[in-house]
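Reading through the structure tokens given below for one structure.
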Amino acid sequence: MSSLVIDLVLCGLAYVILIYFVATLTRNSLKKRDSNGDDGDGGVENLTPPKIDLPPGVIWPSDAPRTTRPEPVEL
């Protein structure tokens with residue numbers, strides 16, 4: 001056999017062994033992550049939307065003053 005064939009066989013064998021180890025290690029970390037129930041992003045969960053600083057004269061529709069229409073008078 002030529003040295004090229006031997007090199008290809010050895011590289012293929014090394015590739016298979018590396019893939020086996022990566023798959024084994026990944027499977028273990030996936031099992032640990034699923035059993036924890038944590039989404040993994042860390043930090044404190046904040047569900048309130050951020051307060052955006054608007055330019056002067058601009059207001060959010062939810063902050064607009066409430067105007068009530070006078071009831072029509074029946075004659």
Side-chain angles (χ1 to χ4, degrees):
M1 288 207 299
S2 70
S3 62
L4 177 64
V5 174
I6 293 173
D7 287 341
L8 288 175
V9 169
L10 289 176
C11 286
L13 183 64
Y15 180 75
V16 169
I17 291 171
L18 285 174
I19 294 299
Y20 171 76
F21 283 125
V22 168
T24 304
L25 294 174
T26 304
R27 187 173 359 136
N28 288 339
S29 69
L30 288 176
K31 285 181 183 177
K32 290 178 186 175
R33 186 181 308 157
D34 290 340
S35 64
N36 191 5
D38 187 18
D39 58 356
D41 62 353
V44 178
E45 186 173 333
N46 188 2
L47 299 177
T48 59
K51 184 69 176 168
I52 299 175
D53 188 24
L54 297 174
V58 178
I59 60 172
W60 289 104
S62 60
D63 295 338
R66 305 278 186 227
T67 58
T68 58
R69 293 185 174 176
E71 304 240 352
V73 177
E74 294 184 23
L75 296 176

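Note that CG of L54 is 8.5 Å distant from CG of D63, once rounded to the nearest 0.5 Å. One finds the CG atom of L25 at 9.5 Å from the OH atom of Y20 (value rounded to the nearest 0.5 Å).
Under the 4.5 Å side-chain heavy-atom criterion for Ile, Leu, Val, Met, Phe, Trp and Tyr, V5 and L10 are members of the same hydrophobic cluster. Note: the hydrophobic cluster containing I59 does not contain I52 (ILVMFWY, side chain heavy atoms under 4.5 Å, direct or indirect links). Put simply, V9 and I17 are part of two different groups of oily side chains (I, L, V, M, F, W, Y) that touch within less than 4.5 Å, one to the next.
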